[in-house]
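Data block below; observations after.
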Amino acid sequence: MMAEHGDLCDGEDATYCMNGGTCYKIPSINTLSCVCNTDYKGSRCEHFHLPIKDPAVGDIGLIAAVVIVVLLILVVLGVIIYYLRKVLRAKQQSQQNNQQQYWRVSPRV
């Protein structure tokens, strides 16, 4: 039986293709060729090929990583702003206390 790829292999040549691929003899160039199953590729069907159903699946991990990094940056900025305001308020209160004590006149007895 002649196919697009040549004649089907027989005997030992039938085991030329791996992983269930179909072996064909190409008479014009005297070589063997394989037609692989859907999950395999390569000249002898030796490489397992994982089908990608949704190309955007890899982007989900990247988006999640970016969101986590942004949230961490926001938390760090929030903590820094909180402590800066706390320090500034304490400094202002100490300056006010110092000014009040300077202008205060002690009573004479």
Side-chain angles (χ1 to χ4, degrees):
M1 177 175 158
M2 184 72 164
E4 298 176 1
H5 301 282
D7 297 325
L8 281 172
C9 297
D10 56 348
E12 288 184 24
D13 292 339
T15 60
Y16 175 75
C17 299
M18 300 179 194
N19 300 310
T22 306
C23 178
Y24 290 96
K25 281 186 182 181
I26 302 174
S28 60
I29 56 175
N30 196 23
T31 188
L32 301 176
S33 176
C34 296
V35 175
C36 302
N37 292 334
T38 56
D39 293 337
Y40 295 93
K41 65 180 184 175
S43 62
R44 295 182 63 194
C45 306
E46 70 271 17
H47 300 292
F48 182 69
H49 176 69
L50 290 173
I52 298 175
K53 298 190 189 271
D54 187 11
V57 171
D59 295 339
I60 292 173
L62 178 64
I63 292 170
V66 169
V67 167
I68 289 170
V69 168
V70 168
L71 288 175
L72 286 173
I73 290 172
L74 289 175
V75 167
V76 168
L77 284 175
V79 169
I80 290 171
I81 290 171
Y82 171 77
Y83 281 110
L84 284 176
R85 288 188 59 140
K86 187 175 178 180
V87 167
L88 288 176
R89 282 184 185 166
K91 189 175 181 181
Q92 286 175 350
Q93 286 178 352
S94 68
Q95 285 177 353
Q96 286 176 353
N97 289 342
N98 288 341
Q99 287 176 355
Q100 288 175 355
Q101 290 176 358
Y102 179 75
W103 293 104
R104 182 179 285 172
V105 177
S106 57
R108 291 185 185 176
V109 186

### Asp13: salt bridge (Lys or Arg N to Asp or Glu O under 4.0 Å) partners, not counting sequence neighbours
Lys25

### Message
Measuring from atom NZ of Lys41 to atom NE2 of His47, what distance do you get when rounded to the nearest 0.5 angstrom?
### Response
7.5 Å

### Query
Is the gap between the SG atoms of Cys36 and Cys17 under 2.5 Å?
no

### Task
Would you check, one step at a time, whether the test disulfide bond (SG atoms under 2.5 Å apart) holds for Cys23 with Cys9?
CA-CA 5 Å; Cys23 178; Cys9 297; 2.0 Å; yes

### Message
Between Tyr16 and Val35, is there shared hydrophobic-cluster membership here, with clusters defined by ILVMFWY side-chain heavy atoms closer than 4.5 Å?
### Response
no

Please list, one pair per line, the donor and acceptor atoms closer than 3.5 Å that link side chains of residues 70-91 to other protein atoms, with sequence neighbours excluded.
none

### Task
Find the distance between OH (Tyr24) and CG (Asp7) and round it off to the nearest 0.5 Å.
10.0 Å

### Message
So which atom in Asn19 and which in Asn37 form the shortest heavy-atom distance, rounded to 0.1 Å?
### Response
O-ND2, 3.1 Å

